[in-house]
Amino acid sequence: MPPQTRRTSFPKVVIDRDTDSEESSSDEDEIDEEDDVVGEEEVTEPKADEEEGEEEQEKSVTKKKTPITISLKKVCKVCKRTGHEAGFKGATYIDCPMKPCFLCKMPGHTTMTCPHRVATEYGVVPAPRRNTHSSLDYVFQRQLRPHIPKMKPEFVIPDQVNCAVIRYHSRRVTCLEFHPTNDNILLSGDKKGQLGVWDFCKVYEKTVYSEIHGCILNNMKLNPRNDGTVYTGSSDGTACCVDLETGISLSLMNLNPNGWQGPSTWRMIYGLDINLDKGVVLVADNFGYLYTVDMRSNNVTGKPILIHKKGSKVVGLHCNPLQPDLLLSCGNDHFARIWDMRQLETGSSLVDLPHKRVVNSAYFSPLTGSKILTTSQDNRIRVWDSIFGSLDSPSREIVHSHDFNRHLTAFRAEWDPKDQSESLVVIGRYISENYNGAALHPIDFIDISTGQLVAEIMDPNITTISPVNKLHPRDDILASGSSRSLFIWRPKEKHEIEKPIDERKIVLCGKAEKKAKRKFGDESDCDSDDDGFTTKGKTVKSKQPYLDSTSTSKSKSKSKSKSKSSKKP
């Protein structure tokens, strides 16, 4: 058996330390060097039976090997350069010096000193009166303007958490809808394709249908003529009609009948809306095409129509509430477009509304349908006061923080359907704020007629971002989706005395229900922000009950409630 040779040396590792990082002491360096020398002596000790030719060959190989360099320098995640960092540090966002302000996208200042951060209405100029003298403008002034009240009603802001479901979904919430006839029913969809049905008045009556879609449920709409049916669209390329009582789904269309054939051919459904006047369900995919499905036969009618740039996502569809023939679409091609459904053809859009970046959503106003509200990824909320006037430029651009990174549902400014003046909208905030030492992400109520921040609501126990928000069409209720949890907000009465939150109104689901009495450490959520809550200044998981700072356990809270009830006459 020939003698086995032993490796005589290893490639030397050179570590480049950053000047800002901790430097090792001279004693530690000397110890490391001594260890390296000892190791080399032990390894390079030749055996007596080795041949001289092999030794020379190995020495030549070691001379040719170059040192491996491992760099420990700080690298900016934004510009990929060394020497600085950018991102969140607690509630403070640090801008990259190579980029403009992250909030307003303007150079010359940082996010912390941005004037738009101090006042939301900064730089917002009311639109001048545009004398178009068109027939459409005349019709608007005679028929629609009298229905708009001249005086704004007082805004009622739901600013207190009334009930919640913690870890309701297994993945982040992507969309919310209120039931058209039952005021207590909230529908929710998540990234896994699940559909949740929750009666938030009875709190514990909740259902999750998990076999409807295979991945993200991007959009859903309830049928106003059949309140037990909901239409859903998913990234698996299917649109379904779901019975809310049984959870049985009927597939309306499947854009990927042959299964996965690669990302270049995989179609996903994003935009979805219902046109009752024509009796069709409108569906849009990630290649820029629009499909129509007959609600009576549940079959696709006609050919797909290219309404946005080919290969770009159509993320939103909305039919005008008073003129159903008008369709508003938005997509990743940086445009929102208005279409006439009576002559819907490729390139036949009535108006193209340009944006600087991706348009997350575009909606007509809920009562008159005369205004347009869009949310763009460039941290701008744009408003057009009248679709009957000039649409060359928006009436107002409101700077707001919703330019998110990854693992979040897109932020969308939503109308308040009860506001007669059509000026109040709600949207979640991305950049956190420092509230008594806690980094919180509030939910903003904005008056789009002036750009003023009407209210910012937050709860000290909710430390996650709330990108999905929906206002109730008939009651003063706000539903928000934060990570995998759902929260119901109601207005706090002025004369109401602050009381501990009733634990019976907080439902824990999944693992949170099994381990509610235990304390948990930090856990990572690969999908989105973790459901972190704070109690008494300490960070705890949502798996622990949603408690007030004065209550420490269920037994103590029950005993306190009994003692209070006994004192009452």
Side-chain angles (χ1 to χ4, degrees), residues 169-175 189-195 208-221 230-242 247-274 280-295 297-317 327 329-337 339 344-349 357-361 377 404-410 525-528:
H169 287 276
S170 58
R171 291 292 184 271
R172 61 177 164 87
V173 177
T174 55
C175 54
D190 68 2
K191 187 179 178 182
K192 199 175 181 180
Q194 298 177 342
L195 174 65
V208 177
Y209 299 118
S210 58
E211 298 181 355
I212 299 176
H213 295 287
C215 56
I216 308 176
L217 200 162
N218 292 310
N219 214 326
M220 59 181 174
K221 295 293 179 182
V230 60
Y231 293 94
T232 60
S234 170
S235 291
D236 60 2
T238 62
C240 296
C241 177
V242 184
I248 299 175
S249 62
L250 173 65
S251 179
L252 302 179
M253 61 186 304
N254 185 3
L255 300 181
N256 305 299
N258 299 324
W260 176 260
Q261 302 292 329
S264 60
T265 59
W266 184 260
R267 293 182 178 270
M268 298 178 283
I269 294 177
Y270 284 91
L272 186 145
D273 200 11
I274 298 175
V280 296
V281 179
L282 302 174
V283 177
D285 66 2
N286 61 323
F287 280 79
Y289 286 90
L290 176 70
Y291 306 82
T292 57
V293 180
D294 190 355
M295 297 176 64
S297 62
N298 291 328
N299 292 324
V300 180
T301 60
K303 296 181 179 180
I305 302 172
L306 183 66
I307 60 174
H308 280 262
K309 182 180 178 181
K310 190 173 183 180
S312 64
K313 298 178 184 177
V314 183
V315 296
L317 296 174
L327 173 66
S329 65
C330 61
N332 282 16
D333 60 351
H334 304 185
F335 277 95
R337 307 179 193 273
W339 305 83
L344 192 59
E345 297 178 355
T346 302
S348 63
S349 60
R357 289 184 63 186
V358 173
V359 187
N360 294 337
S361 64
Q377 201 66 17
F404 65 96
N405 195 350
R406 296 174 59 187
H407 310 306
L408 273 180
T409 304
D525 184 2
C526 61
D527 184 32
S528 63

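Numbers here simply count residues along the sequence, with the first being 1.
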For this session: Could you walk me through whether Leu344 and Leu282 pass the side chain to side chain contact (heavy atoms under 4.5 Å, CB included) test, one step at a time?
Result: CA-CA 12 Å; Leu344 192 59; Leu282 302 174; 6.0 Å; no
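- Distance alone, capped at 3.5 Å, is enough to place a donor-acceptor pair between the Trp266 side chain and the Ser235 backbone.
- Side-chain atoms of Thr174 come within 3.5 Å of backbone atoms of Gly189 as a donor-acceptor pair (strictly under, hydrogens ignored).
- For Asp236 (side chain) and His213 (main-chain N/O), no donor-acceptor pair under 3.5 Å exists by modelled atom type.
- No side-chain donor-acceptor contact under 3.5 Å links Asp333 to the backbone of His308.
- Nearest heavy atoms, Ala410 versus Phe404: CA-CE2, 3.5 Å.
- Using a distance-only test at 3.5 Å, with no hydrogens or angles considered, no donor-acceptor pair links the side chain of Asp285 to the main chain of Arg267.
- At distances below 3.5 Å, at least one donor-acceptor pair connects side-chain atoms of Ser234 with backbone N or O atoms of Ile216.
- To the nearest 0.5 Å, atoms CG (Asp273) and OH (Tyr231) are separated by 12.5 Å.
- A donor-acceptor pair under 3.5 Å is formed between the side chain of Asn218 and the backbone N or O of Ile269.
- Shown here for Leu272 and Thr232, the closest heavy-atom pair between the two residues is CD1-C, 3.7 Å.
- Rounding to the nearest 0.5 Å gives a distance of 8.0 Å between SG of Cys330 and CG of Asn360.
- To the nearest 0.5 Å, atom OG1 of residue Thr265 and atom CG of residue Asn256 are 7.0 Å apart.
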For this session: I would like to know whether Asn299 and Asp294 meet side chain to side chain contact (heavy atoms under 4.5 Å, CB included); could you show each step before the answer?
Result: CA-CA 6 Å; Asn299 292 324; Asp294 190 355; 5.5 Å; no
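- Asp190 places a side-chain N or O within 3.5 Å of a backbone atom of Gly193 that can act as its donor or acceptor partner.
- Of all heavy-atom pairs spanning His169 and Gln194, the tightest one is ND1-OE1, 4.0 Å.
- Interatomic distance, OG1 of Thr301 versus OH of Tyr291, reported as 13.0 Å (0.5 Å rounding).
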For this session: Carefully, step by step, assess Val359 and His334 under the rule side chain to side chain contact (heavy atoms under 4.5 Å, CB included).
Result: CA-CA 6 Å; Val359 187; His334 304 185; 5.5 Å; no
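- The closest donor-acceptor contact from the side chain of Thr409 to the backbone of Val173 lies under 3.5 Å.
- The shortest side-chain heavy-atom distance between Leu317 and Leu290 falls under the 4.5 Å cut-off.
- In this structure the side chain of Leu217 reaches within 4.5 angstrom of the side chain of Leu195, judged on heavy atoms.
- Shortest non-hydrogen contact noted between Ile274 and Met295 is CG2-SD, 3.8 Å.
- Considering every non-hydrogen atom in both Val230 and Met220, the closest pair reads CG2-CB, 4.0 Å.
- Across all their heavy atoms, Met268 and Asn286 have their closest contact at N-OD1, 2.8 Å.
- The number of heavy-atom neighbours closer than 6.0 Å to NZ of Lys192, taken from other residues, nucleotides and ligands shown, is 12 or below.
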For this session: Show your reasoning for whether side chain to side chain contact (heavy atoms under 4.5 Å, CB included) applies to Phe335 and Ser329.
Result: CA-CA 8 Å; Phe335 277 95; Ser329 65; over 6 Å; no
